[in-house]
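Order of the sequence lines sets the chain letters (A, B, ...), proteins ahead of strands, with each chain counted from 1.
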Amino acid sequence: MDMEKIVALCKRRGFIYPSSEIYGGLNGFWDYGPLGVELKRNIKEAWWRDMVLDPPPGPDGEELQMVGLDCAIIMNPKVWEASGHVAGFVDWMTECHTCKRRYRADKVYLVALVPEREAASYQSAPPGAMPKPTVVLAYQSDDPQEARKLFDEEYARLVKKQKLSRGLTVLTIVTVQQAPPHWSRPCPEPGCTGELTEPRKFNLMFRTFVGAAEDDSAVAYLRPETAQGIFVNFVNVLGTTRVKLPFGIAQIGKAFRNEINPRHFTFRSREFEQMEIEFFCHPHESAKWYRYWRDVRIRWYMQLGIRSERLRPREQGPEELAHYSCGTTDIEYLFPFADEPQELEGVAHRGDYDLRQHQLYSGKDLTYFDEDAWERDKHQLGFTSFRDWLKTNPPPEQVAQYQFLPHVIEPSAGVDRFALAAICEAYAEDTVSGEPRTVLRFHPRLAPIKAAVFPLVNRDGMPEKAYALYRELKREFVVFYDDKGAIGRRYRRQDEAGTPFCITIDSQTMQDDTVTLRTRDDCQQIRLPIRAVADELRRRLTPER
RNA sequence: GCGGGUGUAGCUCAGCUGGUAGAGCACCACGUUGCCAACGUGGUUGUCGCGGGUUCGAAUCCCGUCACCCGCUCCA
C-alpha cells in the first residue's frame, strides 16, 4: 500500500484537502472535508468521553477525577520563556556543503589545534579576533568531554599515520555555534572532507503581534503545545473545582509549530490539534500513575480498531529523553510512508518540572497543600494551624509531606496523527463477488457516517418509507440517504466512506415492515423490524469496556 | 535544506520531433432493470499547477515559481 492512494482517497471522498488549494495550497497545512471533520470529531469525542467523562478506574480500582479546560492559543509570552520553548525552539542548524548532512549547531564540537609554542599568543589575542587555528577537527557529540575523547582517539591514529604533527596542542573545544565565523568548520562525518555552513536559526514557534504596535514589546507566540495552558491554570482549577490529588486536567486544541520540513501528508503539519492530559499526583505515586496512563492509552487505541502489529509502544531510552522528563513512552504506529513506527502519542513523566518553572518565572506559589494528610497528622504534631507549625522550622522533607509541587504524567496525543493512522489502518482493497472494492474498515465509533438508508428501487412507496426512516435516525446518528443508481453502487460508495451499516427498504418492507441491515466488512445482510433499527445501531455503536 | 518524480475534465490517465485538447470512469436527463461498482440513448465538464520567455503559433521547448509524492536531512 502506498501513500498516494490514501492521499487520493482522502481528497476524492472529502476527508482531507490541501489547505487553500485554489491558491496553490500552503506547505504544511491541510483542511478537513465533510467526512474528515466527522472522523476528527469522533476521535475527539471518544477521547473526551473515555478519558475525561468516564475514564477507566485507577490502579487500585478508584474513580478518577478528571476536569476539562479550554485555553487561549495566544498566552503571555513569559509562559514560553518559563517552559523553555523560547530558548528550546531556537535551533541553530548547520549543513555540510559537500555531503548535505545537517546538524544541530550545538551538537557539533570543533577541536582547534595550534602548534604548542604558539598557543600562548593565540590565547592572548582579543576575543573575536583570534586567528584561524592551524587544524580544526569536528565531532558530533552531546558534550565536550565526549568530543575530547573522540578527538584523543583520532589524534593518536593520525599521529601514528604521520598525518598530523605530534607538536600540536588543543587550543579550545567549542561548538560550531560558538566558533568564530571565520574558522574552518569541517564536516564531522568520517570520510567527508566538506565544510559546514555558518549556523542558521530555525525558530519553531510562530510569532505574531498583539495590538496595533508591531514592536518587540508586542511579540506573542501561537502555542506550540496545549500543555502549558493547563500548567498556568493549575491553581485556578484547584481553587474553583474542589479537586484533590490525584486528578487530571484535559484539553483539546490547536497547536502550531513552524516545522522546517513538513512531510508525509498530515503527519507533520504546521498547524495541528492535540488531546492532552496533565495528570497531577503525589511524587511518591508518580511511577504508578505513569504505568497506569501508558497502559490505558495503549488500550484505547486498540479498542478503537488499531489492533494490528503496526501499533507499538516504545519506552524511550535515557539518551533521548527530553530535559524535563524522567520517563516517556511513545505510542507509535507504522505508517505506510515510513520504515520505522512513528509517534502518535507520548506518555511522559514530567516530574514537577513545569510547575517548578512556572513558579520560578511567575513568582506565584504553585504548591499543593494536602489537607487530608494535614488533618490526619496535625493532632499528633500538636498543632491545628499549618502556618503555626511552619514557624517551628520543621525539616523541609517533613513539610513536603503536606505542601509540595505535584508530579505530572502527561499523555499527549495528536488528533490528526490518529486520524491519519485510523485511515491507514482502515484502508483495504478486497474482492466482493469477483469485483475489486476499496473499503475503509473504521471502527464503528470512528466512522464518519454510521449508517446509510436506501430504497431498493424508486417506486411503490419505498423512497417515502426509506426517507422517513432516515429522518428518524438522523436525530440520533450521522446517517446518509441515497436513492441514486444501482444498489450495488450505493453499497460500494458507502464502503469507500467507511460507513459500517446500510439499511435497505425493499418490497418486503412494504408488506411486513422489516428491512435489511448490511454490514460493511462481510457484506452480509440480516433482516429486522424497521422499529428495531435504532436500537440495533445503538447497540452496535456502544463502546466495549 | 538537497536530490529524483509528478502536476491535462470530479477521478485515473493519453496527447510523438510545437499546429487551436482526448479516452475510460464519474456526473445529469429519459427509458429499461431490481440486493453488491447494470444496460441503452442523449448531455455537461478544462485559463493543460502558476508566472514569464522563445515562436506566426506552446499542454508540448526554455527560465522561474508553487504544491504533492519518493529518497536523504531534520523532527526542542
Side-chain angles (χ1 to χ4, degrees), chain A residues 2-14 16-30 80 83-104 106-107 189 197 200 202-205 224-225 257-270 320-325 330 336-339 342-343 346 430-439 454-460 462 484-496 502-509 515-520 522-525 527:
Chain A
D2 61 281
M3 212 52 207
E4 258 176 279
K5 274 186 175 172
I6 287 178
V7 174
L9 175 70
C10 282
K11 186 175 169 196
R12 185 170 73 246
R13 298 313 309 240
I16 299 168
Y17 311 124
S19 169
S20 45
E21 191 186 11
I22 62 169
Y23 290 102
L26 187 61
N27 197 334
F29 298 90
W30 299 90
W80 307 112
S83 70
H85 286 86
V86 170
F89 265 79
V90 180
D91 284 346
W92 291 83
M93 307 295 299
T94 182
E95 180 178 305
C96 175
H97 284 295
T98 307
C99 71
K100 301 299 180 190
R101 284 185 179 82
R102 284 178 72 180
Y103 307 91
R104 292 242 324 247
D106 59 346
K107 293 283 170 75
E189 177 69 14
T197 60
R200 285 173 290 171
F202 295 91
N203 191 333
L204 292 181
M205 276 201 295
E225 62 175 30
R257 297 181 193 180
N258 200 0
E259 297 286 354
I260 299 164
N261 186 7
R263 261 304 175 82
H264 298 139
F265 200 24
T266 56
F267 182 81
R268 177 163 293 118
S269 297
R270 289 179 165 135
E320 59 180 323
L321 286 178
H323 54 291
Y324 50 75
S325 178
D330 284 343
F337 55 72
D339 299 331
Q342 305 286 315
E343 181 181 352
D430 63 9
T431 307
V432 174
S433 316
E435 293 288 330
R437 73 162 177 171
T438 301
V439 55
F454 309 143
L456 182 60
V457 291
N458 285 310
R459 62 158 191 255
D460 303 336
M462 291 181 211
K484 293 285 195 299
I487 190 73
R489 183 182 303 283
R490 283 180 264 166
Y491 286 141
R492 294 303 165 83
R493 268 199 286 258
Q494 294 306 314
D495 290 340
E496 231 183 28
C502 292
I503 299 145
T504 301
I505 276 63
D506 56 17
S507 52
Q508 191 179 331
T509 314
V515 298
T516 62
L517 181 80
R518 178 260 196 190
T519 48
R520 174 196 64 202
D522 58 11
C523 299
Q524 297 299 304
Q525 288 178 317
R527 235 186 148 83

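Contact annotation: A/R437 side-chain N/O to B/C36 OP1/OP2 distance is not under 4.0 Å. Not one side-chain nitrogen or oxygen of A/N27 sits closer than 4.0 Å to the OP1 or OP2 atom of B/C66. Under 4.0 angstrom from either OP1 or OP2 of B/A26 there lies at least one side-chain N or O belonging to A/R489.
When atom types are taken as modelled, the side chain of A/D460 and the backbone of A/M462 share no donor-acceptor pair closer than 3.5 angstrom. Not a single donor-acceptor pair under 3.5 Å links the side chain of A/W30 to the backbone N or O of A/I16. The main-chain N or O of A/E259 is found under 3.5 Å from a side-chain atom of A/R270 such that the two form a donor-acceptor pair. Judged by distance alone, the side chain of A/R490 and the main-chain N or O of A/P455 form a donor-acceptor pair under 3.5 Å.
Following rounding to the nearest Å, A/F267 (CZ) and B/C69 (P) show an atom-to-atom distance of 13 Å. Straight-line distance from the CZ atom of A/R490 to the C1' atom of B/U33: 12 Å, rounded to whole Å. Rounded to whole Å, the distance from CZ on A/R12 to P on B/C27 is 13 Å. B/A26 atom P lies 13 Å from atom CZ of A/R492, rounded to whole Å. Atom CG of A/D430 is separated from atom P of B/C36 by 16 Å (rounded to the nearest Å). Here the C1' atom of nucleotide B/A37 and the CD1 atom of A/I487 are 12 Å apart, to the nearest Å. We find that CG of A/L26 is positioned 21 Å from P of B/G49, with the value rounded to whole Å. Rounded to whole Å, atom C1' of B/C35 lies 14 Å from atom CG of A/N458.
Annotation: B/U60 and B/C16 have their C1' atoms spaced 10 Å apart (nearest Å). With C1' as the reference atom, B/G1 and B/U44 are 46 Å apart, rounded to whole Å. Between B/G40 and B/C25, the two P atoms lie 9 Å apart (nearest whole Å). B/G52 and B/G10: their C1' atoms are spaced 30 Å apart (whole Å). Taking atom C1' on both B/C62 and B/A23, the two are 31 Å apart, rounded to the nearest angstrom. To the nearest whole angstrom, the two C1' atoms, one in B/U45 and one in B/C27, are 9 Å apart. A distance of about 16 Å separates the C1' atoms of B/U6 and B/C50, rounded to the whole Å. B/G7 sits 12 Å from B/C13 when the C1' atoms are compared, rounded to a whole Å.
Distance from the side chain of A/R459 is smallest for B/G34 among the nucleotides B/G34, B/A76, B/C36. Looking at the side chain of A/F265, the nearest of the listed nucleotides B/A76, B/C69, B/A37 is B/C69. Comparing B/C35, B/C28, B/G71 by their nearest atom to the side chain of A/R263 picks out B/G71. With B/C69, B/A38, B/G34 as the candidates, the nucleotide lying closest to the side chain of A/A486 is B/A38. For A/C523, counting side-chain heavy atoms from C-beta on, the closest listed nucleotide (B/C35, B/G34, B/C36) is B/C36.
Nucleic acid contact for A/E496: base, since at least one base atom lies under 4.0 Å from a heavy atom of the residue. A/Q525 comes within contact range of at least one nucleobase, with a heavy-atom separation under 4.0 Å. Among the protein residues, A/G28 comes within range of the sugar-phosphate backbone only, with heavy atoms under 4.0 Å from sugar or phosphate atoms but none that close to a base. A/T516 comes within 4.0 angstrom of a nucleotide base, judged by non-hydrogen atoms across all strands. Across all strands shown, A/F337 has heavy atoms under 4.0 Å from sugar-phosphate atoms exclusively, and none from any base. Residue-level contact check: A/D495 touches neither bases nor backbone, having no heavy atom under 4.0 Å from any strand. Using a 4.0 Å heavy-atom cutoff across all strands shown, A/R493 reaches sugar-phosphate atoms only and no base atom.
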Run the side chain to side chain contact (heavy atoms under 4.5 Å, CB included) check on A/F265 and A/F337 step by step: do they pass? CA-CA 9 Å; A/F265 200 24; A/F337 55 72; 5.8 Å; no
For A/R520 and A/V439: C-alpha separation, side-chain torsions, deciding distance, then whether side chain to side chain contact (heavy atoms under 4.5 Å, CB included) applies. CA-CA 8 Å; A/R520 174 196 64 202; A/V439 55; 3.7 Å; yes
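Nearer the 5' end of RNA chain B, as judged by each residue's closest nucleotide, is the contact made by A/K11, out of A/R527 and A/K11. Of the residues near RNA chain B, A/E259 and A/T504, the one whose nearest nucleotide (by heavy atom distance) lies more toward the 5' end is A/T504.
Counting all heavy atoms, side chain and backbone alike, A/T516 lies closest to A/D506 at CG2-OD2, 4.1 Å. Contact detail for A/E225 and A/W80: the closest heavy-atom pair is O-CH2, 3.6 Å. Contact record, A/Q525 with A/Y491: NE2-OH, 3.2 Å, taken as the closest heavy-atom pair. For the pair A/Y17 and A/K11, the tightest heavy-atom approach, listed with the atom from each and the gap, is CE2-O, 3.7 Å.
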Would you write out the dot-bracket form of RNA chain B, 5' to 3', with Watson-Crick and G-U pairs under 3.5 Å, [ ] for crossing pairs, | for pairs to other strands and . for unpaired bases? (((((((..((((.....[..)))).(((((.......))))).....(((((..]....))))))))))))....
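In the interface, the side chain of A/R13 is not paired with the base of B/G10 through any donor and acceptor atom under 3.5 Å apart. One N or O donor and one acceptor, one from the side chain of A/R518 and one from the base of B/C36, sit under 3.5 Å apart.
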